[in-house]
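Just so it is clear, the values below take in all heavy atoms, side chains as well, and ignore hydrogens, waters and symmetry mates. Note that the coordinates shown come from a computational prediction; the quantities given were computed from them, not determined experimentally.
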Amino acid sequence: MNTQPSIENISTILVIGAGTMGRQIAMNAALAGYTTVIQDISEDGLASARTELERWAAGRVAKGKLTQQKVDEALGLLIYSTDLDSAAVTADYIIEAATERLDIKLQIFEKLGVLAPAHAILATNSSTLGSSKVAQATGRADRVCNMHFFNPALVMKCVEVVRHEATSDATVETTMELARRMGKEPVLINREIPGFVANRLMGALQKEALYLADAGIASLEDIDTTARTALGHPMGPFELMDLVGLDVVNFIAQATYAETGDEQDTPNPGIASLVAEGKLGRKSGSGFYDYR
Ligand code: 3HC
């Protein structure tokens, strides 16, 4: 087989991490007809992913959005595994969606560089770490890039394909085409910048929303309503932060600040205190809003 990445070489996809993003990315891949391994170190994480995806699939059928045959085929293509090594050996395309920690990602990518077939692209879904940070550890830096999905990944159309200096054109083209085959509208980010494009746009809006609320100009609710009714956003900035998770928002802000050192990027202390109180947004039952 040709060792250059190519869409034709892809039949099996490995998604590492069965969390909020990984599980839905994997379902996108299965719906596109790929045999898809979801790998996680936690059996409970895999069980929870399976339950959510089966429930989602049943909901699609009940709503008449997908046929029973289509969801059965997709669910039948999903393989749940805790064994990274054997999954890596048979994967033609790998999307890492593990914990946002460089030391963990470095270990994973070093292993993938040894075990995955030569033609396999090693992508990361990371929103905070450009793939250049892990590329050298793989021994195939040209076949490494970010493939960044958005929450909820079964709904949001955008995928940011981010190249680093050594990413090859074949890697970019294959990743863009794979995203299209998953029903997405990929955009190409030509070089790494903290937050890429979407999180920078979102961050700018969030910063202004936090300023307006902190200054008592308008309530959270009214700021969110304005974003929805004046700008046509599907949800307001505070609702969106609660959806993304305040821990994630805080982590992105910290990572951006660590990289730029720019005072304008200083993380918001109000969000840090909510996180310290365990108020992480929807997933914990409360954040800016109460969901209980
Ligand atoms: N998983 C799967 N599908 C979901 C879902 C979920 N968690 N939540 C909603 N949906 C589906 C529903 O099933 C429904 O599908 P249908 O119309 O085909 O039947 C559709 O989305 C609309 O859902 P609802 O009617 O329940 O609610 P809304 O119309 O309010 O839509 C929303 C919900 C899609 C989340 C919408 O509010 C939205 O687009 N919000 C903005 C989301 C956004 O900006 N995401 C990006 C976050 S940034 C990020 O992820 C980057 C990372 O690096 C931090």
Note: Ala88 and Pro117 closest approach over all heavy atoms is O-CD, 3.5 Å
Are the side chain of Glu73 and the backbone of Gly33 linked by a donor-acceptor contact shorter than 3.5 Å?
-> no
When you look at Glu110 and Lys105, which way does the salt bridge (charged side-chain N to carboxylate O under 4.0 Å, His left out) test go after all the steps?
-> CA-CA 8 Å; Glu110 198 173 344; Lys105 289 186 195 288; over 6 Å; no
Can you check side chain to side chain donor-acceptor pair (under 3.5 Å) on Thr225 and Asp222, steps first, answer last?
-> CA-CA 5 Å; Thr225 300; Asp222 281 350; 4.6 Å; no
Lys/Arg N to Asp/Glu carboxylate O, Asp247 vs Lys283, below 4.0 Å = yes
Provide the closest heavy-atom pair for Tyr34 versus Arg181 in the form atom of the first, atom of the second, distance.
-> OH-CD, 3.6 Å
Judged by atom type as modelled, is there a donor-acceptor pair below 3.5 Å linking the side chain of Gln24 to the main-chain atoms of Ala153?
-> yes
Is His233 reaching over with its side chain to a backbone N or O of Met235, donor-acceptor style, under 3.5 angstrom?
-> no
Are Arg200 and Pro194 side-chain neighbours, meaning at least one heavy-atom pair lies under 4.5 Å?
-> yes
Does the Ser286 side chain pair with the main chain of Arg282, one donor and one acceptor, at a distance under 3.5 Å?
-> no
Using modelled atom types only, decide if a donor and an acceptor are shared between the side chain of Ser284 and the backbone of Lys279 within a distance under 3.5 Å.
-> no
For Asn268, which residues count as a side-chain hydrogen bond (donor to acceptor under 3.5 Å, both in side chains) partner, sequence neighbours excluded?
-> none
Spacing of CE belonging to Met27 relative to CD1 belonging to Ile25, to within rounding of 0.5 Å | 14.0 Å
Look at the side chain of Glu192 and the backbone N and O of Ser131, then say whether any donor-acceptor pair between them is shorter than 3.5 Å.
-> yes
Spacing of Ile189 atom CD1 and Cys145 atom SG [to the nearest 0.5 Å] | 11.5 Å
ring-ring contact (aromatic ring centres under 6.0 Å, His included) with Phe288: which residues, sequence neighbours excluded?
-> Phe238
With a cut-off of 6.0 Å (strictly less than), are more than 12 heavy atoms of other residues, nucleotides or ligands near CD of Glu43?
-> no
Under the side chain to side chain contact (heavy atoms under 4.5 Å, CB included) rule, what do Thr20 and Asn151 come out as? Steps first, then yes or no, please.
-> CA-CA 8 Å; Thr20 310; Asn151 182 7; 4.2 Å; yes
Beyond-backbone contact of Pro5 with His119, side-chain heavy atoms, under 4.5 angstrom | no
With sequence neighbours left out, which residue pairs that include part of residues 167-198 fulfil the ring-ring contact (aromatic ring centres under 6.0 Å, His included) condition?
-> His148-Phe196
With a 4.5 Å heavy-atom cut-off, do Asp85 and Asp83 have their side chains touching?
-> yes
Residue that, paired with Ile95, satisfies side-chain contact (heavy atoms from CB on, under 4.5 Å) out of Leu122, Ile16, Asn125, Asn146 | Asn125
Side-chain heavy-atom pair Ser48, Arg50 within 4.5 angstrom cut-off = no
Sidechain N-carboxylate O distance under 4.0 Å for Glu177, Arg180 = yes
Value for CD1 (Ile104) from CD (Glu96), rounded to nearest 0.5 Å, stands at 9.5 Å
Check whether more than 12 heavy atoms from other residues, nucleotides or ligands sit under 6.0 Å from atom OH of Tyr211, and answer yes or no.
-> no
Cys158 vs Val187 side-chain heavy atoms within contact, under 4.5 Å | yes
Using only heavy-atom distances, determine whether the side chains of Asp40 and Tyr80 contain a donor-acceptor pair under 3.5 Å.
-> no
Nearest heavy atoms of Phe109 and Ala123, plus distance in Å | CZ-O, 3.7 Å
Given side chain to side chain donor-acceptor pair (under 3.5 Å), test Arg163 with Ser168 step by step and report yes or no.
-> CA-CA 8 Å; Arg163 66 189 311 165; Ser168 69; over 6 Å; no
Do Glu165 and Arg191 sit within salt-bridge range, that is, some charged N less than 4.0 Å from a carboxylate O?
-> no
Could you give the distance from CG (Leu14) to CD1 (Ile94), rounded to the nearest 0.5 Å?
-> 5.0 Å
Starting from the C-alpha separation in whole Å, work towards a yes-or-no answer on side chain to side chain contact (heavy atoms under 4.5 Å, CB included) for Lys70 and Leu31.
-> CA-CA 8 Å; Lys70 179 73 187 169; Leu31 286 165; 4.2 Å; yes
Is there a donor-acceptor contact under 3.5 Å from the side chain of Arg23 to the main chain of Gly19?
-> yes
Does any donor atom in the side chain of Ser81 or Gln39 lie under 3.5 Å from an acceptor atom in the other side chain?
-> no
Mind checking side-chain contact (heavy atoms from CB on, under 4.5 Å) for Ala30 and listing every partner two or more places apart, or none if nothing turns up?
-> Thr36, Ala74, Leu77, Leu78
Where do Met182 and Ile13 land on the side chain to side chain contact (heavy atoms under 4.5 Å, CB included) test, with the steps shown first?
-> CA-CA 12 Å; Met182 288 186 186; Ile13 293 181; 4.2 Å; yes
Between Thr35 and Ser11, is any pair of side-chain heavy atoms under 4.5 Å apart?
-> no
Test item: Glu100 and Ser127 side chains (from C-beta on) under 4.5 Å apart, heavy atoms | yes
More than 12 non-hydrogen atoms from neighbouring residues, nucleotides or ligands closer than 6.0 Å to CD1 on Ile41, yes or no?
-> no
Report whether Leu84 and Leu115 are members of the same hydrophobic cluster (ILVMFWY, side-chain heavy atoms less than 4.5 Å apart, transitive linking).
-> no
Working to the nearest 0.5 Å, report the span between CE of Met176 and NZ of Lys184.
-> 14.5 Å
Side chain to side chain donor-acceptor pair (under 3.5 Å) between Tyr289 and Asp224, worked out = CA-CA 11 Å; Tyr289 294 100; Asp224 277 346; 2.5 Å; yes
Provide the closest heavy-atom pair for Asp290 versus Gly285 in the form atom of the first, atom of the second, distance.
-> OD1-O, 3.4 Å
Taking only residues two or more places apart in sequence or in another chain, which ones pass side-chain contact (heavy atoms from CB on, under 4.5 Å) with Asp72?
-> Gln68
Please tell me if the side chains of Leu46 and Ile38 come closer than 4.5 Å, counting only heavy atoms from C-beta onward.
-> yes
Quick one: do Thr174 and Tyr93 satisfy side chain to side chain donor-acceptor pair (under 3.5 Å)? Show the steps, please.
-> CA-CA 10 Å; Thr174 303; Tyr93 195 105; over 6 Å; no
Is there a donor-acceptor contact under 3.5 Å linking the side chains of Asn9 and Ser6?
-> no
Is Glu239 reaching over with its side chain to a backbone N or O of Gly236, donor-acceptor style, under 3.5 angstrom?
-> yes
For the student: nearest non-hydrogen atoms of Thr167 and Val144, plus distance | OG1-O, 2.9 Å
Drop me the distance from Ile271's CD1 to Phe251's CZ, to the nearest 0.5 angstrom.
-> 15.0 Å
Just jot down the side-chain hydrogen bond (donor to acceptor under 3.5 Å, both in side chains) partners of Asp265, sequence neighbours excluded, or say none.
-> Thr260
